[in-house]
Amino acid sequence: MSAHRFAVRYAQSLIDIATEMNQLDAVFNDVQELHEALTTSEDLYNLFHSPIVSGDKKMDVVAAVFPHFSPIIAKFVQLAIHKRREAHLDEFCAQFIELYHELKKTGVATLTVSSDVSSDVVNKLKGTLEQQTGKTIQVDVTVDPSLISGYILQMGDRRIDASVSRQLNDIRKQLLA
Amino acid sequence: MAQVKPDEISAILRQQLAGVTSAAELEEVGTVLQVGDGIARIYGLTQVQAGELVEFNNGVQAVVLNLEEDNVGAVLFGDSEGIKEGDSVKRTRRIASIQVGEGMLGRVVDTLGRPIDGKGPITGELFEMPIERKAPGVIFRQPVHEPMQTGIKAIDAMIPIGRGQRELIIGDRQTGKTTIALDTIINQKEFFDRGEPVFCIYVACGQKASTVAGIVSTLEKYGAMQYTVVVAAPASVPAPMQFFAPMAGAAIGEYFRDTGRPALIAYDDLSKQAVAYREVSLLLRRPPGREAYPGDVFYLHSRLLERACKLNYNDDIVANMNDLPDSLKGKVKGGGSLTALPIIETQGGDVSAYIPTNVISITDGQIFLESNLFNSGIRPAINVGISVSRVGGNAQIKPMKKVAGTLKLDQAQYRELEAFSKFGSDLDAATKAVLDKGARNVEILKQPNFSPVSVEKQVAIIYLGMKGLLMDVPLNKVREFESDFLMAMETRAGKTLDELRAGKYDDAQTDVLEQIAKEVKAKYVA
């Protein structure tokens with residue numbers, strides 16, 4: 001069975017139980033933190049992927065690193081370890097975040113700019129996006145001077161690239177062709 | 001070196017810059033999860049369609065072949081170097097296609113239609129033709145009825161090929177498969193010179209680059225490149241380029257076919273294409289089947305070969321053809337044809353292997369080449385007994401039909417008696433006559449490389465063989481006699497040859513043939 005398919009099932013069950021117990025937002029925050037940790041910490045990644053480290057030890061580590069986790073998410077991690085699916089925890093988290101956004105009708109857009117922009121511009125962009133998609137949009141702004149000027153706006157797999165670096169690259173390609 | 005003026009350079013640059021477009025638009029993107037072995041797995045691109053072209057950051061293109069739940073599998077049309085995990089991939093919203101036009105004639109191009117012969121860009125008007133295209137439906141076709149002259153006596157007489165037919169050339173390595181395809185292409189020079197060209201496409205798939213270079217120089221030497229396009233995907237290019245090469249060739253052929261002209265395409269060879277397809281399929285983790293070929297390897301060849309056909313003469317019907325590319329709308333003419341000569345290489349004469357049986361069942365006949373015939377000096381090494389053409393007599397001119405009608409049967413009878421006669425020496429006169437005639441016919445059907453014979457000359461010499469007029473010529477002099485006889489026909493009875501070509505066949509012509517044969521024979525009869 002492909003990892004994607006059981007990831008959807010684990011994430012869906014977590015969503016269901018969290019909704020039932022009215023703790024969806026708290027669980028969401030915990031999942032986000034866990035996802036962040038799993039994707040940034042190499043040690044944690046290796047721990048969960050190691051077949052040598054026993055399940056009990058893995059549970060101890062989780063309890064020590066994330067003592068503040070709500071009981072639901074703690075039990076979820078335990079279940080994953082028990083079922084020997086702990087190596088896929090990052091996928092479960094990613095899938096959960098996706099389902100959560102779908103449920104709450106929210107979305108994340110990333111705006112990459114060459115230099116800082118005022119919050120007015122971001123808010124205006126947010127308003128336009130929300131109007132077009134009918135969802136609550138959270139805009140993450142990152143600054144990347146290599147764009148030279150302009151911006152890149154990406155939401156899901158759709159992107160508007162209005163940066164000068166892309167235009168220069170296009171010109172280069174067309175002149176070389 | 002010519003003087004280059006700086007102001008000219010800046011003028012050119014300015015002109016090019018003026019033509020550059022770089023408006024920002026909504027793009028659909030994905031990220032590379034995994035890349036290697038010419039395959040990329042991409043996350044995102046949720047709207048992408050199967051068969052669509054996608055483009056990586058560094059300009060390399062890929063075709064989407066697998067759509068899975070959580071990722072997209074694409075095969076690269078270039079080097080995977082310079083593509084990293086996490087790179088973005090852009091949809092192009094175009095399906096894989098190549099630019100085709102008259103300017104391609106005489107050129108060597110790769111699978112994507114880019115010239116690789118160093119003669120500069122392809123000029124003239126170009127039309128975008130999809131690499132994968134559905135074959136025309138039933139109502140746009142008509143039965144094959146015109147001959148496609150190969151210039152090879154054994155084929156034109158016994159296994160006639162019609163325009164729009166698909167005739168398989170099958171045999172072991174080193175039996176002259178490629179030579180038959182090249183001879184056929186070279187023979188079309190006669191039609192090109194006459195102003196009714198048959199456009200030829202030679203697809204080299206998975207061959208050695210040196211072989212391809214040799215083939216191109218052979219075609220050039222015989223003046224055949226003027227009406228020929230070579231699509232080259234040698235063994236050094238990535239497997240996707242190899243298995244798309246025959247389809248790219250078919251797209252070029254379809255351009256000529258749909259604009260109302262006859263075209264001929266040789267796929268050399270489809271067994272290597274199947275191997276390239278198997279490689280890609282296994283890397284895409286599609287389940288392997290028999291001999292590890294994927295389940296749809298039959299469909300790979302059947303959809304390719306179905307694209308060869310004879311189109312209806314009615315322009316109005318053909319104009320409504322299914323899956324017509326936009327670039328050709330309004331330019332379609334009826335009556336065009338695409339004849340396919342697929343080539344399959346067998347191992348140790350085993351025609352019951354997977355790919356050979358598949359392709360045999362798809363095509364309208366096959367030409368079997370055998371290494372023991374080749375080694376015993378019968379060249380082309382065609383095994384007449386098991387070679388067939390299912391289109392048959394409809395694709396022969398009348399004199400050839402009359403003259404060579406029973407040749408195939410006669411030769412079969414000859415071979416049977418020949419095997420039998422080896423046991424005893426006492427033969428009755430009738431058996432001896434059959435053996436003598438058969439042995440002479442075998443001599444007549446021999447033909448050296450790259451020397452096609454026009455159809456009227458074929459009729460003339462086969463007439464003599466069939467009527468037993470060569471019986472008193474010694475066996476080892478038959479070929480010498482043939483060239484003398486044809487020379488004499490050319491110089492003294494050119495009119496008769498023209499009449500035969502035009503389809504006239506009665507006593508007036510045969511009397512001339514017999515008269516000249518008698519005169520030339522005087523030199524040989526002891």
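The figures that follow rest on heavy atoms only: side chains count, while hydrogens, waters and symmetry mates do not. Not measured: the values here are computed from a predicted model. Chain letters run A, B, ... following the sequence lines, proteins first and then strands; every chain starts at 1.
If you tally non-hydrogen atom pairs under 4.5 Å between each of B/T31, B/L26, B/V29 and chain A, the highest count goes to B/V29. Contact count versus chain A (heavy atoms, under 4.5 Å) is highest, among B/R91, B/E69, B/K90, for B/E69.
By the 6.0 Å contact criterion, CD on A/Q32 is enclosed, its count of non-hydrogen atoms from other residues, nucleotides or ligands being greater than 12. Counting heavy atoms of neighbouring residues, nucleotides and ligands inside a 6.0 Å radius, atom NE2 of A/H4 exceeds 12 of them. Heavy-atom neighbours of A/F66 CZ from other residues, nucleotides or ligands within 6.0 Å: above the threshold of 12. Counted within 6.0 Å of CZ on B/R285, heavy atoms from surrounding residues, nucleotides or ligands total 12 or fewer; the atom is thus considered open. Counting non-hydrogen atoms of neighbouring residues, nucleotides and ligands closer than 6.0 angstrom, the NZ atom of A/K105 reaches no more than 12 such neighbours. At most 12 non-hydrogen atoms from other residues, nucleotides or ligands lie less than 6.0 angstrom from NZ of A/K57.
The CG atom of B/D70 lies 10.0 Å from the CZ atom of A/R5; values are rounded to the nearest 0.5 Å.
The closest side-chain heavy-atom distance from B/E25 to A/I160 is not below 4.5 Å. Under the 4.5 Å side-chain criterion, counting only non-hydrogen atoms from C-beta, A/R159 is in contact with B/S88.
Looking only at distances, a side-chain donor or acceptor of A/D157 sits under 3.5 Å from a matching main-chain atom of B/L45.
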Query - Stepwise side-chain contact (heavy atoms from CB on, under 4.5 Å) check, A/R158 with B/Q47 - result: CA-CA 10 Å; A/R158 294 172 171 243; B/Q47 303 292 311; 4.2 Å; yes
